[in-house]
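Scroll down for the structure; my scribbles are underneath it.
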Amino acid sequence: MKIAIGCDPNAKEEKREIIEYIKKKKYGDVTDFGSNDPIYAHTAIKVSEAVASKEYDRGVLICGTGIGMCIAANKVKGAYAALVSDVYSAQRARLSNDANVLCMGAFTSGSKERELFVDAFFNNEFIPGSSSQSKVDAFVAYDSKRD
């Protein structure tokens, strides 16, 4: 699996920890899209475009709360970003929503929590034909009509 990751300047250390954790768990090859741009939207868009284009399989974004990264990521057609603050949400992001970008807060979660979120996001897959299929189909159809 190819994984794109980025953050804002507030989350450099958290990003480094997550990269190390992803490598340790062998979830895939990680490419760092940076952390120095104070305009977090730039990094979020780069990561999301890489995922939406299918050059990368999944993305991970981190800022202070994760909110801004998530909003910016979801502006990219084909990017389905989920802000998670608990393990259940991280699981459901994949299982129920087929999210392809994980967003987390550096100030709102601890390092062990973020590791659990990463585990839940990378260890779960959307199940085609599940009861969530029609819901995912609806937002994908809407998304495909956007310019």
Side-chain angles (χ1 to χ4, degrees), residues 1-128 130 132-133 135-137 139-140 142-144 146:
M1 180 180 307
K2 289 180 69 178
I3 302 162
I5 189 168
C7 69
D8 72 358
N10 293 314
K12 287 181 183 182
E13 181 59 26
E14 291 79 4
K15 180 186 69 174
R16 184 193 59 73
E17 290 173 358
I18 291 169
I19 289 171
E20 288 177 13
Y21 187 73
I22 288 170
K23 288 179 180 179
K24 174 182 151 189
K25 296 291 279 198
K26 298 183 175 155
Y27 287 130
D29 297 322
V30 184
T31 301
D32 187 348
F33 278 66
S35 56
N36 293 324
D37 193 333
I39 309 298
Y40 57 76
H42 296 155
T43 304
I45 290 167
K46 286 179 191 173
V47 166
S48 298
E49 285 177 339
V51 172
S53 74
K54 307 224 184 286
E55 180 183 351
Y56 287 82
D57 301 298
R58 304 253 177 93
V60 177
L61 293 168
I62 314 141
C63 67
T65 63
I67 296 168
M69 284 291 201
C70 191
I71 291 169
N74 279 312
K75 299 302 179 194
V76 175
K77 185 176 178 176
Y80 304 109
L83 172 61
V84 302
S85 58
D86 59 79
V87 173
Y88 183 73
S89 296
Q91 291 170 335
R92 299 321 300 180
R94 291 291 307 136
L95 291 170
S96 298
N97 299 288
D98 202 14
N100 53 14
V101 179
L102 172 65
C103 298
M104 299 179 283
F107 303 159
T108 58
S109 58
S111 61
K112 292 300 177 195
E113 287 176 299
R114 287 188 295 276
E115 288 177 359
L116 293 173
F117 303 161
V118 166
D119 288 339
F121 192 75
F122 287 103
N123 285 324
N124 286 285
E125 292 295 331
F126 180 71
I127 302 166
S130 69
S132 297
Q133 184 71 60
K135 299 164 193 151
V136 171
D137 289 347
F139 67 70
V140 169
Y142 180 83
D143 192 37
S144 70
R146 294 192 301 159

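Keep in mind that this is a model prediction, so the values were computed, not measured.
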Does [X] reach the main-chain N or O of [Y] with its side chain, forming a donor-acceptor pair under 3.5 Å?
X    : Y    : value
S109 : G105 : yes
K77  : R146 : yes
N10  : C63  : no
D8   : M69  : no
N100 : Y80  : yes
D143 : F139 : no
N97  : R92  : yes

Validation row: [X], [Y] side chains within 4.5 angstrom (heavy atoms):
X    : Y    : result
L83  : I67  : yes
F122 : M1   : yes
P128 : Q133 : yes
R58  : L102 : no
L61  : S48  : yes
Y27  : I3   : yes
D119 : K25  : yes

- Message: According to side-chain contact (heavy atoms from CB on, under 4.5 Å), who are the partners of E55, at least two apart in sequence or on a separate chain?
- Response: K2, S53
- Derivation and outcome, salt bridge (Lys or Arg N to Asp or Glu O under 4.0 Å), residues K112 and E115: CA-CA 5 Å; K112 292 300 177 195; E115 288 177 359; 3.6 Å; yes
[atom1]-[atom2] distance between [X] and [Y], expressed to the nearest 0.5 angstrom:
X    : Y    : atom1 : atom2 : value
Q91  : L116 : CD    : CG    : 10.0 Å
T43  : I5   : OG1   : CD1   : 11.5 Å
E14  : S35  : CD    : OG    : 10.5 Å
M104 : C7   : CE    : SG    : 10.5 Å
D98  : I127 : CG    : CD1   : 11.0 Å
E17  : I22  : CD    : CD1   : 12.0 Å

For the student: nearest non-hydrogen atoms of [X] and [Y], plus distance:
X    : Y   : result
T65  : G68 : OG1-N, 4.4 Å
A93  : A82 : CB-CB, 3.7 Å
V118 : I18 : CG2-CG2, 4.1 Å
A73  : A79 : O-CB, 3.4 Å
F121 : A99 : CZ-O, 3.7 Å
A81  : C70 : O-SG, 3.7 Å

- Y56 ring center near F33 ring center (under 6.0 Å): yes
- Are K46 and E49 within salt-bridge range, i.e. N to O under 4.0 Å? no
- Message: Does atom CG (D32) have a neighbourhood of more than 12 heavy atoms from anything else shown, all under 6.0 Å?
- Response: yes
- Message: Tell me whether the NZ or CZ atom of R114 lies within the 45° cone about the ring axis of Y21 and under 6.0 Å from its centre.
- Response: no
